[in-house]
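Below is one structure; the comments refer to it alone.
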2 protein chains.
Amino acid sequence: MDNSVRIKFDKIDRRILEILQANAKITNAQLSKDIGLSPAPTLERVKKLEQSGIIKSYHAKLDPEKIGLGVSTFVLVSLIGHNKGNIDAFMKEINDIQEVIECHHITGTGDFILKIIAKDITAYQKLMLEKVSEIKEVDSMQSMVILSTFKDSKVLPIPA
Amino acid sequence: MDNSVRIKFDKIDRRILEILQANAKITNAQLSKDIGLSPAPTLERVKKLEQSGIIKSYHAKLDPEKIGLGVSTFVLVSLIGHNKGNIDAFMKEINDIQEVIECHHITGTGDFILKIIAKDITAYQKLMLEKVSEIKEVDSMQSMVILSTFKDSKVLPIPA
DNA sequence: CTTTGCGCCACATAAAATTTTGTAAAAACG
DNA sequence: CGTTTTTACAAAATTTTATGTGGCGCAAAG
């Protein structure tokens with residue numbers, strides 16, 4: 001009775017993962033052609049990859065500008081205290097702010113780095129003033145506005 | 001003769017976008033139920049959103065750890081010169097490095113911020129020493145290792 | 001008030017995904 | 001070394017899903 005799913009994948013699975021990362025909407029028929037198997041075992045493999053948690057989810061990628069999101073930034077955040085309580089409280093607050101797309105705990109200069117997206121500079125300023133900097137655990141913040149994005153790959157380099 | 005596709009979306013479209021960002025694998029039938037339309041017009045709307053470029057693509061999200069990617073970092077990079085030639089050269093080099101998942105041109109401290117993913121610290125060090133820091137336009141670099149990721153939302157907050 | 005166009009539903013058809021069945025190869029076991 | 005078990009695969013059948021068509025109703029324009 002093995003509760004945890006065995007995680008192991010071969011060259012074909014790796015190929016599947018590469019393809020699905022780049023294009024999740026490919027049909028099983030086309031995928032099977034690309035990897036050189038028939039549809040059934042191809043689907044089996046995909047299902048296994050999903051069940052094992054290697055494939056976590058599928059997402060549509062939108063064009064930020066076309067939905068009226070003109071400003072993206074990274075923000076380095078330092079907290080006042082670095083104990084677990086403070087960090088948990090901070091995380092909880094951050095989780096409720098939709099505009100904060102990512103939040104990572106990091107080494108180095110700050111304590112956290114956030115990725116934030118907003119309609120425009122005005123909306124961004126409002127967001128920062130009224131929500132982010134209002135979090136009491138926050139000590140200092142440093143914003144880096146994204147001028148342009150050269151690369152935003154959704155394909156992770158799977159080690160051999 | 002309108003070559004460019006009209007970009008305009010209503011409350012229903014917004015709902016569709018939210019759903020597809022969170023779960024691209026939903027069937028058209030289920031999506032149509034969720035938004036309260038029949039399948040045909042639902043699909044029509046999705047197709048329009050794709051054609052207009054609002055929906056750019058669909059991607060499978062993998063679990064980095066489960067495919068053997070244990071180290072993620074952000075790297076602030078300063079270039080030696082800030083002229084277009086240097087920037088273009090840098091971009092070209094960066095584009096060929098698979099481990100560099102993202103590259104953004106930013107304001108503030110550095111010139112660029114990269115998101116890099118690697119197998120482990122050893123592989124990361126090797127990558128940085130042998131590839132990134134070898135790019136001749138690179139002046140200085142500052143790495144921030146991600147200790148943990150609290151939020152990594154694939155759902156953008158669509159402005160009203 | 002009429003016309004036009006858009007968005008919708010309902011149904012029909014086509015395509016795809018998924019399940020089932022059977023077979024062959026590889027691995028574990030006696 | 002042979003037997004059993006497991007695993008992976010293909011082929012075909014079934015079910016589900018996507019897609020195309022026709023017609024209706026509403027809303028805006030004339």
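Chain identifiers are assigned alphabetically (A, B, ...) following the order of the sequence lines, protein sequences preceding nucleic acid strands; residue numbering begins at 1 within each chain.
- The stretch residues 118-129 of chain B participates, sequence neighbours left out, in these salt bridge (Lys or Arg N to Asp or Glu O under 4.0 Å) pairs: B/Lys126-B/Glu130.
- Listed by chain and residue number, nothing satisfies the side-chain hydrogen bond (donor to acceptor under 3.5 Å, both in side chains) test with A/Arg15 (two or more places apart in sequence, or in another chain).
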With a cut-off of 3.5 Å and sequence neighbours excluded, list every side-chain donor-acceptor pair involving residues 22-33 of chain B.
from: B/Asn23; atom 1: OD1; to: B/Lys25; atom 2: N; distance (Å): 3.1
from: B/Thr27; atom 1: OG1; to: B/Gln30; atom 2: N; distance (Å): 3.1
from: B/Asn28; atom 1: OD1; to: B/Leu43; atom 2: N; distance (Å): 3.4
from: B/Asn28; atom 1: ND2; to: B/Pro39; atom 2: O; distance (Å): 3.0
from: B/Gln30; atom 1: NE2; to: B/Asp34; atom 2: OD1; distance (Å): 2.8
from: B/Ser32; atom 1: OG; to: B/Asn28; atom 2: O; distance (Å): 3.3
from: B/Ser32; atom 1: OG; to: B/Ala29; atom 2: O; distance (Å): 2.6

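- Listed by chain and residue number, nothing satisfies the ring-ring contact (aromatic ring centres under 6.0 Å, His included) test with B/His59 (two or more places apart in sequence, or in another chain).
- As a whole-Å value, the separation of A/Gln30 CD from C/dA15 P is 15 Å.
- Taking 4.0 angstrom as the limit, B/Lys47 places a side-chain polar atom (N or O) nearer than this to OP1 or OP2 of D/dT19.
- When the P atom of D/dA10 is taken as reference, atom CD1 of A/Ile35 falls 9 Å away, rounded to whole Å.
- Within residues 20-28 of chain B, the residues approaching DNA chain D are B/Thr27, B/Asn28, by heavy-atom distance under 4.0 Å.
- Listed by first and then second residue, the salt bridge (Lys or Arg N to Asp or Glu O under 4.0 Å) pairs involving residues 50-63 of chain A amount to none (not counting sequence neighbours).
- In this structure, CG of A/Leu31 is placed 13 Å from P of D/dC9, rounded to the nearest angstrom.
- If you measure from atom CD1 of B/Ile12 to atom P of C/dC6, you get 17 Å, rounded to the nearest angstrom.
- Scanning for ring-ring contact (aromatic ring centres under 6.0 Å, His included) contacts around B/Tyr124 gives an empty result, with sequence neighbours left out.
- Taking atom NZ of residue B/Lys48 and atom C1' of nucleotide D/dT19, one finds them 15 Å apart after rounding to whole Å.
- Defining each end axis of the helix from C/dC1-D/dG30 to C/dG30-D/dC1 as the rotation carrying four pairs' C1' atoms onto the next four, with five pairs an end, the two axes are found to diverge by 30° to 10 degrees.
- The stretch residues 133-150 of chain B participates, sequence neighbours left out, in no salt bridge (Lys or Arg N to Asp or Glu O under 4.0 Å) pair at all.
- Remark: B/His105 engages B/Phe112 in a ring-ring contact (aromatic ring centres under 6.0 Å, His included) (not counting sequence neighbours).
- Using a 4.0 Å cut-off between a side-chain N of Lys or Arg and a carboxylate O of Asp or Glu, A/Asp13 and A/Lys11 do not qualify as a salt bridge.
- Using a 4.0 Å cut-off between charged nitrogen and carboxylate oxygen, B/Lys115 and B/Glu99 do not count as a salt-bridge pair.
- Distance A/Leu43 CG to D/dT17 P: 13 Å, rounded to the nearest Å.
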Look for any protein N or O under 3.5 Å of an N or O in nucleotides 9-13 of chain C and output each such pair with its distance, or none.
from: C/dC9; atom 1: OP2; to: B/Ser38; atom 2: N; distance (Å): 2.6
from: C/dC9; atom 1: OP2; to: B/Ser38; atom 2: OG; distance (Å): 2.7

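- In this structure, B/Arg45 does not reach the C/dG7 phosphate: none of its side-chain N or O atoms is under 4.0 Å from OP1 or OP2.
- Counting only residues at least two apart or in different chains, salt bridge (Lys or Arg N to Asp or Glu O under 4.0 Å) contacts with residues 82-98 of chain B comprise B/Lys84-B/Asp88.
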